[in-house]
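We use all heavy atoms of the structure for the numbers below, so side chains are in, but hydrogens, waters and symmetry mates are not.
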Amino acid sequence: MNIAFRNHVQVAGEGEATLVFLHGFGCDQSMWRFLAPHYAQRYRTVLYDLTGSGRSDHAAYGRERYASLHGHAEDLLEIVDEFASGPVVVVGHSVSAMIGMLGTIRAPGRFAAQVMLGPSACYLNDGFYLGGFARSEIEELLATMESNYLDWSARMAPAIMGAPGQPELGKELVDAFCRNNPDIARHFARVTFLSDHREDAQLSETPALILQCSEDLIAPRTAGEFLQRKLPNATLRMIGNVGHCAHMSAPGACMREIDAFLPTVLG
């Protein structure tokens, strides 16, 4: 298998460590354009599209392999083995924060650290756990996607982006959602929003930086606080930002936190 083709892998920069960037649901690697060039000045950077997203090989998307986030974690490890060098830091947004975490559990020796931007171990409210959504809300969301994915994208993407005062970012997210194969997107959405990796978190001993937005429709502060408690070695930092995509709407704040974190794990 040509992994570079499957995931449209792009490598830039050079350095003793590698940063691997994973985008969130409905997005592609272009969403990292504000952050990745900053780190390519000091590190090797690896960007790729999750299988079934962006400019990846959509024919490689098998529903059995990607019936859970573990299939995407296997992809991550294959890409790290082929394209990374030196200590590896996985930088994951939203659902890809969990994909990165699963990768650190499967191959802890390959990762020096993980950066989780807007993560959630479980999107469903469950007893004292507040993931942000009642099950009925998730089922309604998925049903709407099933009936009219493009309409759902046009309505939901701006709300997910947030970023009042930067409407062009909401438009960009709508366009990204609409470029995806609707059948794959609907399947990936169900896998994403019904996933539950709360118990897995305690198994990831890789140092973690959690970046949570102050106002986030998808991943509330409680989701980040849960992961901070559950992960054995985690730091939580709040980003003053309205929306779920601080790497696009507040990149400077994200870079400041990541820049302060990296020397503590890479030396």
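- Clustering ILVMFWY residues whenever any of their side-chain heavy atoms sit less than 4.5 angstrom apart, transitively, puts Leu266 in the very cluster that holds Leu35.
- Using a 4.5 Å cut-off on side-chain heavy atoms (C-beta onward), Leu141 and Trp152 make contact.
- Looking at heavy atoms from C-beta onward, Asn180 lies in side-chain contact with Tyr149 at the 4.5 angstrom threshold.
- Heavy-atom neighbours of Glu139 CD from other residues, nucleotides or ligands within 6.0 Å: above the threshold of 12.
- For the pair Gln29 and Val9, the minimum side-chain heavy-atom distance is 4.5 Å or more.
- Between the side chain of Gln166 and the backbone N or O of Ser249 there is at least one donor-acceptor pair closer than 3.5 Å.
- Residues that satisfy the ring pair (Phe, Tyr, Trp, His ring centres under 6.0 Å) test with His72, not counting sequence neighbours, are Tyr66, Phe188.
- Here the side chains of Gln212 and Pro119 are in contact, with some heavy-atom distance below 4.5 Å.
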**OP:** Give the C-alpha distance, both sets of side-chain angles, the deciding distance and a yes or no for salt bridge (Lys or Arg N to Asp or Glu O under 4.0 Å) between Arg63 and Asp183.
**Re:** CA-CA 11 Å; Arg63 293 198 172 211; Asp183 289 336; 5.2 Å; no
Subject >> Worked verdict on Asp259 versus His38 for side-chain contact (heavy atoms from CB on, under 4.5 Å) >> reply: CA-CA 10 Å; Asp259 287 347; His38 173 73; 3.1 Å; yes
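- In the hydrophobic cluster analysis, where Ile, Leu, Val, Met, Phe, Trp and Tyr join through side-chain heavy atoms closer than 4.5 angstrom, Leu22 is grouped apart from Phe5.
- Using a 30° and 60° split on the angle between ring planes, His93 and His244 fall in the tilted class, from 30° to 60°.
- In this structure, the side chain of Ser53 does not engage the main chain of Asp28 through any donor-acceptor pair within 3.5 Å.
- Put simply, Val174 and Val242 are part of two different groups of oily side chains (I, L, V, M, F, W, Y) that touch within less than 4.5 Å, one to the next.
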**OP:** Give the intermediate values and the outcome of ring pair (Phe, Tyr, Trp, His ring centres under 6.0 Å) for residues Phe21 and His247.
**Re:** CA-CA 11 Å; Phe21 293 85; His247 55 312; 9.4 Å; no
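- Met255 is not listed as a side-chain neighbour of Phe34, based on a closest heavy-atom distance of 4.5 Å or more.
- A donor-acceptor pair under 3.5 Å is formed between the side chain of Thr222 and the backbone N or O of Leu130.
- Counting heavy atoms from C-beta on, the side chains of Ile218 and Tyr123 come closer than 4.5 Å.
- The local environment of CZ in Arg33 is crowded, with over 12 non-hydrogen atoms from other residues, nucleotides or ligands closer than 6.0 Å.
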Subject >> Derivation of the salt bridge (Lys or Arg N to Asp or Glu O under 4.0 Å) call for Arg6 and Glu82 >> reply: CA-CA 13 Å; Arg6 183 190 66 188; Glu82 184 158 337; over 6 Å; no
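- Judged by distance alone, with hydrogens and angles left aside, the side-chain atoms of Asp49 form a donor-acceptor pair with the main-chain N or O of Arg55 at under 3.5 Å.
- Side-chain atoms of Val91 and Leu117, non-hydrogen and from C-beta on, never get closer than 4.5 Å to each other.
- Between Met31 and Cys245, the closest side-chain pair of non-hydrogen atoms is not below 4.5 Å.
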Subject >> Worked verdict on Lys171 versus Asp175 for salt bridge (Lys or Arg N to Asp or Glu O under 4.0 Å) >> reply: CA-CA 6 Å; Lys171 173 64 164 55; Asp175 292 344; 2.9 Å; yes
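- Residues Asp57 and Thr51 have side chains that never bring a donor and an acceptor to within less than 3.5 angstrom of each other.
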